[in-house]
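Note that these values count all heavy atoms, side chains included, but never hydrogens, waters or copies made by symmetry.
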Amino acid sequence: MAKEIDYGANGSYEAAVERSKKLEADISANPKRYRVLTGDRPTGRLHIGHYFGSLQNRVRLSKLGIPTMILIADYQVLTDHDAFQEIEQNTKQLVIDYLAAGIVPGEDVIIYPHSYVPECNQLLLPFLTLVSNAELSRNPTVKEEISSAGLKTVNEGMYTYPVHQACDILFCKGNVVPVGKDQLPHLELTRTIARRFNEKYSPKNPVFPEPQALLSKTPSILGLDGSQKMSKSRGNAIMLSASEDETAALIKKAKTDAERNITYDPVNRPEVANLLMLISLCTKEDPSEIASRIGTGGGGALKNMLSEVLNEELRPLRAERKRLEADPAYIKSVLEDGIRRAREIAIKTLDEVRTVMNMRI
């Protein structure tokens with residue numbers, strides 16, 4: 001019987017960070033050894049949390065010359081959202097956000113929705129046979145997502161979508177997945193599925209790599225309420241598509257505290273610290289130095305500075321967004337080309353899978 005999935009199999013988080021550092025160094029030296037798989041669910045436009053937390057890193061990795069698959073996980077919206085009416089428009093807006101941020105589709109950068117790659121989705125059935133119900137139910141990330149979504153009825157897609165994520169990663173033989181700490185259990189499941197498949201069907205010539213985690217270097221970005229992760233659904237986010245006036249108005253409403261002397265103290269002053277950290281991400285200065293410069297200017301001076309530097313940071317992206325929104329034919333062509341090339345990869349992988357599983361005709 002297959003060994004149970006140990007969601008802590010990678011050891012401590014600190015150990016995962018060290019492995020990620022070594023991976024980062026080798027990626028920079030040998031970019032063509034790797035293929036990155038990353039992406040988003042099309043539940044809405046992207047916000048500054050996505051920009052600082054993942055978009056900038058995707059641009060950096062693609063510019064290193066690393067083959068990069070950028071997945072739009074439209075099927076996964078169905079697991080815990082009732083926003084299927086908006087999937088089509090959200091998909092196009094995601095592409096606009098990607099391109100405006102600096103991602104350039106081409107030979108090594110493929111953007112595609114997984115609902116249009118049936119060969120990838122065909123891997124779901126054999127992969128499901130490699131894990132047990134109990135293993136899927138114990139996934140801590142799934143438990144947290146069910147809780148945060150407040151779901152009273154949980155459809156089976158919620159439990160199995162980590163297996164679908166394994167299909168997304170493994171169909172293209174992705175061996176690097178940029179993730180945050182909370183996504184490590186999903187990646188461990190993918191590694192387990194790859195290992196079990198290889199051991200069962202092709203022990204002498206493994207079909208799938210066991211992908212590695214590339215952990216985000218960006219600190220967790222809280223919303224403007226200072227207490228929860230930034231999210232459009234919580235109403236605490238600044239969208240990349242917001243105007244400069246809208247951005248300033250949202251920041252003006254951001255929660256701080258009554259203390260006029262601005263200090264960087266993430267433990268005791270999380271709201272103030274979060275705004276300082278956002279300034280730091282724009283200016284590359286140390287948050288403590290920024291706090292010292294503001295001094296006794298209070299929350300008003302802090303918010304004014306954030307408005308100025310954030311609008312300056314996003315000005316080129318927003319100008320490019322407007323240009324891209326006026327060219328829907330180009331956005332469609334990016335998706336169609338991405339689908340074509342993703343399917344070419346998926347067809348080849350599915351053929352390998354059928355061969356080792358003795359299912360060829």
* Structure fact -> Partner of Phe208 under side chain to side chain contact (heavy atoms under 4.5 Å, CB included), picked from Val353, Ile193, Ile169, is Val353
* Asked: Any salt bridge between Arg234 and Asp225, counting N to O under 4.0 Å?
  -> no
* To do: Verify whether one side chain among Arg60 and Asn57 offers a donor that lies under 3.5 Å from an acceptor in the other.
  => yes
* Asked: Less than 4.0 Å between a side-chain N and a carboxylate O, is that true for Arg138 and Glu188?
  -> no
* Asked: Is Lys32 atom NZ crowded by more than 12 heavy atoms from other residues, nucleotides or ligands, each under 6.0 Å away?
  -> yes
* Quick one: do the Thr263 and Arg269 side chains pair a donor with an acceptor below 3.5 Å? -> yes
* Give a yes or no on whether a salt bridge exists between Glu344 and Arg340, defined as a side-chain N under 4.0 angstrom from a carboxylate O. => yes
* With a 3.5 Å cut-off and no angle check, do the side chains of Asn133 and Tyr159 form a donor-acceptor pair? -> no
* Using 4.0 Å as the upper bound for N to carboxylate O, is an ion pair formed by Glu88 and Lys92? -> yes
* **Residues Glu18, Lys21: salt bridge by 4.0 Å N-O rule** => yes
* Glu259 atom CD, over 12 foreign heavy atoms within 6.0 Å -> yes
* Nearest-0.5 Å distance, CG of residue Leu275 to CG of residue Leu302 -> 5.0 Å
* Going hydrophobic residue to hydrophobic residue with side-chain gaps under 4.5 angstrom, can you get from Val95 over to Leu55? -> yes
* Reported CG-to-NE2 distance for the pair Asn236 and His47, which is rounded to 0.5 angstrom -> 7.5 Å
* Asked: Does atom NZ of Lys284 have more than 12 heavy-atom neighbours, drawn from other residues, nucleotides or ligands, at distances under 6.0 Å?
  -> yes
* Structure fact -> Note: Ala346 and Phe171 closest approach over all heavy atoms is CB-CD1, 3.4 Å
* Asked: Will you find, in the side chains of Arg41 and Asn90, an N or O donor that is under 3.5 Å from an N or O acceptor?
  -> no
* Taking all atoms of both residues into account, what is the closest heavy-atom pair of Ala248 and Ser307, and its distance? -> CA-OG, 3.7 Å
* Could you walk me through whether Leu314 and Ile48 pass the side-chain contact (heavy atoms from CB on, under 4.5 Å) check? -> CA-CA 9 Å; Leu314 296 179; Ile48 62 170; 3.9 Å; yes
* **Hydrophobic cluster identity match, Met277 and Leu222, side-chain contacts under 4.5 Å** => no
* To do: Keeping the roles fixed (side chain from Asn304, backbone from Gly300), state whether a donor-acceptor pair exists under 3.5 Å.
  => yes
* **Ionic contact status for Glu135 with Arg196, cut-off 4.0 Å** => yes
* Evaluate the ring planes of His114 and His164, with Trp represented by its six-membered ring, and classify them as parallel (under 30°), tilted (30 to 60°) or perpendicular (over 60°). => parallel
* Asked: Between Leu214 and Leu187, is there a shared hydrophobic cluster once you connect ILVMFWY residues whose side-chain heavy atoms come closer than 4.5 Å?
  -> no
* Asked: Any side-chain donor-acceptor pair under 3.5 Å between Tyr116 and Asp74?
  -> no
* Identify whether the distance between the nearest side-chain nitrogen and carboxylate oxygen of Asp327 and Arg323 falls below 4.0 Å. => no
* Decide yes or no on side-chain contact (heavy atoms from CB on, under 4.5 Å) for Cys167 and Asn121, but give the supporting numbers first. => CA-CA 7 Å; Cys167 299; Asn121 298 316; 5.8 Å; no
* Distance-only, no hydrogens or angles: does the Arg35 side chain make a donor-acceptor pair with backbone N or O of Thr68 under 3.5 Å? -> no
* Find out if a path of hydrophobic residues (ILVMFWY) with successive side-chain heavy-atom gaps under 4.5 Å connects Leu240 to Ile70. => yes
* Any sub-3.5 Å donor-acceptor pair from Thr247's side-chain atoms to Ser243's backbone N or O? -> yes
* Do Val117 and Val207 share a hydrophobic cluster, counting only Ile, Leu, Val, Met, Phe, Trp and Tyr and linking them when any side-chain heavy atoms are less than 4.5 Å apart? -> yes
* Heavy atoms only: give me the nearest Ile96-Ile331 pair and the separation to one decimal. => CG1-CD1, 3.8 Å
* Among Ile345, Val334, Ile339, Leu71, side chain to side chain contact (heavy atoms under 4.5 Å, CB included) partner for Ile110 -> Ile345
